[in-house]
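Let me begin by presenting the structure, written as structure tokens, before commenting on it.
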Amino acid sequence: MRLAVILGCLLLIITPAGLADDDHPRPFDENFAAMDVVDAALAEALAEDKRLLLVMGANWCHDSRGLAHHFEDAELAATLEAHYVTRFIDVGWRDQNHDIMRRFGVAAIYATPTVLVIDPGDETLLNRAERNFWGSAYSTPIEEARAWFVRWADARPATGGLVENSLIYQAMMIEIDIFEEEEGTRLSAAYRDIGRWRQLDEADRPDNFRTLDREVENWRRNLPRDIAQLRQEARAMVIGALNARAGGDPFTADTVAALDADDPDLALRFRPHASDTW
């Protein structure tokens with residue numbers, strides 16, 4: 001009797017959440033040739049002086065559906081209607097529509113959903129550093145969603161300060177971008193293989209399919225962390241070099257110019273993902 005009461009209480013707690021998840025929208029239509037959709041949406045956003053909002057996700061992903069559920073909130077829906085042209089792009093098992101993400105300078109999808117806020121005038125991806133933020137949309141409070149989309153309705157990427165204007169720092173950022181492009185291209189190829197193998201009967205998959213699947217999942221999780229760490233290390237190196245040159249005084253634009261003229265060898269350590277398959 002006591003066990004039955006406990007189980008009943010657990011069902012009361014668990015079932016509503018599960019039912020709520022089932023009620024969330026499924027807006028991704030498996031349109032894996034979505035470039036025409038994006039072209040039309042860009043033209044519409046440009047004509048209406050709005051931003052293009054691409055939500056790259058899938059119906060199997062509860063965070064993708066959780067964000068779509070947030071979009072049903074009246075206040076957030078009003079913000080989206082006023083400032084964005086919104087399209088949902090299905091990425092399958094992260095193995096589809098890579099041509100769209102690459103169009104906007106994204107080498108690989110790390111999270112579903114990946115949200116791209118785009119200026120339709122020059123097709124600039126505005127929220128590059130925050131594009132993965134909604135990978136935990138299901139558990140993100142609606143208040144945070146409202147504030148985020150209001151902010152990006154008008155926000156532009158930061159122009160940076162003394163450190164960011166250093167040519168040495170910019171060169172290091174380019175090195176990191178090239179590394180991410182190379183690794184992201186390999187990761188996207190791995191997504192395509194895993195997605196293709198998922199469609200096969202188990203007997204027709206590679207013998208080590210599960211190992212490869214786990215490898216790609218770990219790669220997906222680790223690569224954005226590695227990129228973030230490289231950016232932090234680059235910034236710390238440049239600040240350290242500037243402080244050393246300033247000799248204890250606050251560094252200035254002249255300090256930055258002098259450091260750039262010296263062109264010091266500030267070397268980052270890049271660690272490509274080791275794999276015999278990709």
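These numbers were taken from a predicted model, which means no experiment stands behind them.
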| message | Using the rule given for salt bridge (charged side-chain N to carboxylate O under 4.0 Å, His left out), can you reason through Glu183 versus Arg271, listing the C-alpha separation, both sets of side-chain angles and the distance that settles it, and then say yes or no? | response | CA-CA 10 Å; Glu183 284 294 284; Arg271 303 174 181 84; over 6 Å; no
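- For CG of Asp207, the number of neighbouring non-hydrogen atoms (other residues, nucleotides, ligands) closer than 6.0 Å is 12 at most.
- Note on Ile239 and Ile176: same hydrophobic cluster, where clusters join Ile, Leu, Val, Met, Phe, Trp and Tyr whose side-chain heavy atoms are under 4.5 Å apart, directly or indirectly.
- To the nearest 0.5 angstrom, Asp226 atom CG is 10.5 Å from Glu180 atom CD.
- The heavy-atom pair separating Ile109 from Arg94 by the smallest distance is O-CD, 4.2 Å.
- Separation of atoms CH2 (Trp60) and CZ (Arg26) is listed at 13.0 Å; rounding is to 0.5 Å.
- Hydrophobic clustering keeps Leu167 apart from Leu266 (ILVMFWY residues linked when any side-chain heavy atoms are closer than 4.5 Å, directly or through intermediates).
- Formation of a donor-acceptor pair under 3.5 Å by the Thr114 side chain with backbone atoms of Ala111 is found in this model.
- Nearest approach of Ala234 to Leu268, heavy atoms of both residues: N-CD2, 3.9 Å.
- Within 6.0 Å of CG in Asp204 there are more than 12 heavy atoms belonging to other residues, nucleotides or ligands.
- We find the CG-CG distance between Leu187 and Asn222 to be 10.5 Å, quoted to the nearest 0.5 Å.
- At distances below 3.5 Å, not a single donor-acceptor pair connects side-chain atoms of Tyr191 with backbone N or O atoms of Ala108.
- A single hydrophobic cluster is seen to contain both Tyr110 and Trp219, as judged by linkage of ILVMFWY side chains at heavy-atom distances under 4.5 Å, directly or through other members.
- The minimum heavy-atom distance between Ala68 and Phe88, with the atom names listed, is CB-CE2, 4.2 Å.
- The minimum heavy-atom distance linking Phe251 with Asn243 is given by the pair CD2-OD1, 3.3 Å.
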| request: Report the C-alpha distance between Leu54 and Ile118 in whole Å, list the side-chain angles of each, state the deciding distance to 0.1 Å, and finish with yes or no for side-chain contact (heavy atoms from CB on, under 4.5 Å). | output: CA-CA 8 Å; Leu54 297 183; Ile118 297 160; 3.8 Å; yes
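- Between the side chains of Thr124 and Asp122, at least one donor N or O sits under 3.5 Å from an acceptor N or O.
- The 12-atom threshold is exceeded at CZ of Arg196, counting heavy atoms of other residues, nucleotides or ligands nearer than 6.0 Å.
- No donor-acceptor distance shorter than 3.5 angstrom exists from the side chain of Asn97 to the backbone of Val91, with no hydrogens or angles considered.
- A salt bridge does not link Glu182 to Arg186: none of the charged nitrogens lies less than 4.0 Å from a carboxylate oxygen.
- Salt bridge present: Arg102 and Glu181 bring a charged side-chain N and a carboxylate O closer than 4.0 Å.
- Side-chain contact between Met56 and Leu116 is present, with at least one heavy-atom pair separated by less than 4.5 Å.
- Of the possible donor and acceptor atoms, one in the side chain of Arg51 sits under 3.5 Å from a partner among the backbone N and O of Trp152.
- Of the possible polar contacts, one joining the Arg205 side chain to the Trp197 backbone as a donor-acceptor pair under 3.5 Å is found.
- Side-chain atoms of Leu259 and Pro264, non-hydrogen and from C-beta on, do get closer than 4.5 Å to each other.
- Between the Arg192 side chain and the His98 main chain, no donor and acceptor come within less than 3.5 Å of each other.
- Criterion: ILVMFWY side-chain heavy atoms under 4.5 Å apart, direct or through other members. Under it, Val85 and Leu126 are not part of a common hydrophobic cluster.
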| field | Leu46 and Leu42: CA distance, side-chain angles, deciding distance, side-chain contact (heavy atoms from CB on, under 4.5 Å) verdict | value | CA-CA 6 Å; Leu46 186 61; Leu42 276 166; over 6 Å; no
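- The closest donor-acceptor contact from the side chain of Lys50 to the backbone of Pro120 lies at 3.5 Å or more, if one exists at all.
- The closest side-chain heavy-atom distance from Asn218 to His273 is not below 4.5 Å.
- Expressed to the nearest 0.5 Å, how far OH of Tyr169 lies from CG of Leu162 amounts to 12.5 Å.
- Ring geometry for Trp134 against Trp148 counts as perpendicular: the plane angle is over 60°, on a 0 to 90° scale with 30° as the lower cut.
- Scanning both residues, Met101 and Ser188, for their nearest heavy atoms gives CE-OG, 3.2 Å.
- Interatomic distance, Leu242 CG to Met237 CE, rounded to the nearest 0.5 Å: 13.5 Å.
- Within the cation-pi definition used here (under 6.0 Å to the ring centroid, within 45° of the axis), Arg198 qualifies as a partner of Trp93.
- Counting heavy atoms from C-beta on, the side chains of His83 and Val117 never come closer than 4.5 Å.
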| said: Please evaluate residues Asp63 and Thr112 with respect to the criterion side-chain contact (heavy atoms from CB on, under 4.5 Å), reporting the C-alpha separation (whole Å), side-chain torsions for both, the decisive distance (0.1 Å), and the verdict. | reply: CA-CA 7 Å; Asp63 285 306; Thr112 48; 6.0 Å; no
| task | Go through Val216 and Trp278 one step at a time and tell me if the side-chain contact (heavy atoms from CB on, under 4.5 Å) criterion holds. | result | CA-CA 10 Å; Val216 171; Trp278 298 285; 3.5 Å; yes
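- In this structure, Asp73 pairs ionically with Arg146, as a charged nitrogen and a carboxylate oxygen lie closer than 4.0 Å.
- A side-chain hydrogen bond (donor to acceptor under 3.5 Å, both in side chains) with Gln229 is found for exactly one of Glu233, Arg231, Gln232, namely Glu233.
- Two residues are said to be in side-chain contact when any heavy atoms from C-beta on lie closer than 4.5 Å; Thr86 and Phe149 fail this criterion.
- When every heavy atom of Gln96 is checked against every heavy atom of Asp90, the shortest pair comes out as CB-O, 4.2 Å.
- To the nearest 0.5 Å, atom CZ of residue Phe28 and atom CZ of residue Arg65 are 10.0 Å apart.
- Checked by atom type and distance alone, the side chain of Asp213 never pairs as donor or acceptor with a backbone atom of Ile194 at under 3.5 Å.
- With salt bridges taken as basic N to acidic carboxylate O contacts below 4.0 Å, one links Arg220 and Glu217.
- No continuous path of hydrophobic side-chain contacts links Leu125 to Val55 [ILVMFWY only; heavy atoms under 4.5 Å].
- Between His24 and Tyr138, the angle of the ring planes lies from 30° to 60°, which puts this pair in the tilted group.
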